[in-house]
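Quick notes on the structure that follows.
We use all heavy atoms of the structure for the numbers below, so side chains are in, but hydrogens, waters and symmetry mates are not.
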Amino acid sequence: KPGIGLSARTEGRGARTIALAASTSADDTVAVLATISSGGQFTSRVVDLTAKPGEPPVVDSSSDGTAAAILGGAHLVVARAGKNVADVVRAFEPGQKLDGKDVQAVRDVVVGPGGNGLAIVDLVAGQSGDLSEELVTIPRGRDAPTILRRSGDKVPGSPTDTTVAKSWSFKKSSGENAILIAETYLEGGDDIGTRMSGETYLLNPQRLLVVKLDQPRALVEIGKTGTEPSGIDGKEIQNFGDAWLLPDGRALFDANFLEKGGEGWLFLTKPVGGLFAIAPELAATGRAPWSTTAPRAKYLEAAIDGTFAFRRDDGAVVVTSLDKPADATAALLNADALAPDGKKLGTIASVDAFALARGSEFIVATAELKAATTHDALVMASRADVQNGKAEVLLEVGAPLPAAPTSTAKGAKPKASSTIQSLRFLQGRDELLWQR
């Protein structure tokens, strides 16, 4: 409807916090902790990472504002909730001893409330030079990291000691106390490699695990290569694409089929057990808002009311529901990008990555903004804004940081305000099934 501006934004409790990496005109690298309240109000906190080496390929945050960043591919730093540059602590760094070996790289990180978190770390043995991968807890205070799984550990429930873990990958996190992890393992100890071409895919098998960050030793398996889902006969799942854990314990995920690797579907598991295809009757009709071929659902996310969303290849966010998946809305693509006062700043040419806030009431996303120049921005839209083809610009390249980073370190001087040169959200996420 022409002439309609943004829906009202009001104060409220924090509904979603996301972490972005940003570079500035002062040659600083910072983490921006962006919080959307239940009423749609936007607030932010800036954590200065300048003194640490390299730009962060991965930045993660919890619902309480704890932030973690991997710098230079090998340094993991953590800023506790509400803390700034003086309180950024090093969790892992190259050469640090862990499990009797030297830390070589940190692959991924996830944090939850209170600073509980996990990291995937590459280690190298001093004498032999052998590389190994381990799933470990992030150290808190004086606590040492706990090793949860090592490459070479036996897969629980396997009939032989030669079926062993190889590697892990974190799925998209809500910032709460639980996370989905895909564990790749070797059947009988044989590494068959990766070949994603032809009728079938040659891939090592996987397990999908739920891990509570405050009780990380309890890894619960909810899906596995070779499982036949309810609703689809004669096919078994092979590897897991993107996945999302709902607050009630259900898990929504993308997976390909063992019998025909290029094809797959979306699935749901329930806390009481069972693995179900979502609306399998839509596969033959072509009425599903996702395709049978990968990548089906990038940045998959769901809300407790059954709404779920994902990024489509054309740059739109598709919003649909578990109950009526054929009824879908393409959001944000070509929407008018407005300043908070309603002034038009440009048009959204493509969404990069997104998150849902207050269940499914708001979408917050990094997007390509087409104006006098084409540049990146952080935008937000309520359900009403989506219907009206509008979105609010929260941050954008070329604009000032929302607040200059400060430091409580002795002798530190306040930083002058600087402008944003780049914005990166969910950088480093590249699901295997997205590569097709």
Worksheet item: Should D254 and K171 count as an ion pair when the cut-off is N to O under 4.0 Å?
Response: no
Discussion item. Between K235 and E259, does any NZ, NE, NH1 or NH2 come within less than 4.0 Å of an OD or OE carboxylate oxygen?
Written reply: no
Worksheet entry | Qualifying residue for salt bridge (Lys or Arg N to Asp or Glu O under 4.0 Å) with E133, from K101, R107, K166 | R107
Item to complete: Sequence neighbours left out, what passes ring-ring contact (aromatic ring centres under 6.0 Å, His included) with F310? Give chain and number order.
Response: none
Worksheet item: Considering residues at least two apart in sequence or located in another chain, which fulfil the ring-ring contact (aromatic ring centres under 6.0 Å, His included) criterion with Y299?
Response: W434
Check whether any side-chain heavy atom of [X] lies under 4.5 Å from a side-chain heavy atom of [Y], and answer yes or no.
| X | Y | result |
| --- | --- | --- |
| F362 | E392 | no |
| T146 | R217 | yes |
| L394 | V379 | no |
| L49 | V47 | yes |
| P145 | F92 | yes |
| S382 | R9 | yes |
| S37 | E11 | no |
| P94 | Q104 | no |

Separation of [Y] [atom2] from [X] [atom1] (nearest 0.5 Å):
| X | Y | atom1 | atom2 | answer |
| --- | --- | --- | --- | --- |
| I363 | D385 | CD1 | CG | 10.0 Å |
| E134 | L98 | CD | CG | 6.0 Å |
| L275 | S230 | CG | OG | 7.5 Å |
| R358 | R13 | CZ | CZ | 12.0 Å |
| I348 | L333 | CD1 | CG | 8.5 Å |
| L369 | L423 | CG | CG | 11.0 Å |

Taking the side chain from [X] and the backbone from [Y], do they hold a donor-acceptor pair closer than 3.5 Å?
| X | Y | result |
| --- | --- | --- |
| D376 | V397 | no |
| W244 | L300 | no |
| R296 | L266 | no |
| D60 | V111 | yes |

Worksheet item: Given L118 and I179, is the side-chain contact (heavy atoms from CB on, under 4.5 Å) satisfied, shown in steps?
Response: CA-CA 9 Å; L118 299 174; I179 181 70; 4.3 Å; yes
Taking all non-hydrogen atoms of both residues into account, name the closest pair between [X] and [Y] and its distance.
| X | Y | answer |
| --- | --- | --- |
| V319 | A331 | CG2-CB, 4.3 Å |
| A302 | F308 | CB-CB, 3.7 Å |
| A381 | V386 | CB-CG2, 4.0 Å |
| T320 | P325 | OG1-O, 2.9 Å |

Item to complete: Carefully, step by step, assess S132 and S151 under the rule side-chain hydrogen bond (donor to acceptor under 3.5 Å, both in side chains).
Response: CA-CA 6 Å; S132 62; S151 54; 4.6 Å; no
Item to complete: Under the salt bridge (Lys or Arg N to Asp or Glu O under 4.0 Å) rule, collect the residues that match up with K370, sequence neighbours excluded.
Response: none
Item to complete: Please check if atom NZ in K324 has more than 12 non-hydrogen atoms from other residues, nucleotides or ligands closer than 6.0 Å.
Response: no
Discussion item. Are there over 12 heavy-atom neighbours, none belonging to K270, within less than 6.0 Å of that residue's NZ?
Written reply: no
Item to complete: Take S169 and D108 through the side-chain contact (heavy atoms from CB on, under 4.5 Å) test and state the conclusion after the steps.
Response: CA-CA 8 Å; S169 64; D108 207 350; 5.8 Å; no
In a table with atom names and distances, give each donor-acceptor pair under 3.5 Å that connects a side chain of residues 282-290 to protein atoms at least two apart or in another chain.
from, atom 1, to, atom 2, distance (Å)
T285, OG1, L282, O, 3.0
T285, OG1, R287, N, 3.2

Worksheet item: For T225 and Q238, what are the C-alpha separation, side-chain angles and deciding distance, and is it a side-chain hydrogen bond (donor to acceptor under 3.5 Å, both in side chains)?
Response: CA-CA 5 Å; T225 297; Q238 185 179 32; over 6 Å; no
Response to the item:
So the ring-ring contact (aromatic ring centres under 6.0 Å, His included) pairs with at least one residue in residues 155-179 (sequence neighbours excluded) are none
Item to complete: Would you sort out whether N177 and D214 count as a side-chain hydrogen bond (donor to acceptor under 3.5 Å, both in side chains), showing the intermediate values?
Response: CA-CA 7 Å; N177 188 44; D214 61 351; 2.8 Å; yes
Item to complete: Could you pull out all residues at least two apart from D190 that satisfy side-chain hydrogen bond (donor to acceptor under 3.5 Å, both in side chains)?
Response: none
Worksheet item: So, T366 and R424: side-chain donor and acceptor under 3.5 Å apart, yes or no?
Response: no
Practice prompt. May I ask you to check whether T17 and T35 show a side-chain donor-acceptor distance below 3.5 Å?
Written response: yes
Discussion item. Let's go through S61 and R45 carefully: what are the C-alpha distance in whole Å and the side-chain angles of both, what is the deciding distance for side-chain hydrogen bond (donor to acceptor under 3.5 Å, both in side chains) to 0.1 Å, and is it a yes or a no?
Written reply: CA-CA 12 Å; S61 66; R45 169 177 137 242; over 6 Å; no
Discussion item. Taking the six-membered ring of F354 as reference, does the cationic atom of K172 (NZ for Lys, CZ for Arg) lie under 6.0 Å from its centre and within 45° of its axis?
Written reply: yes
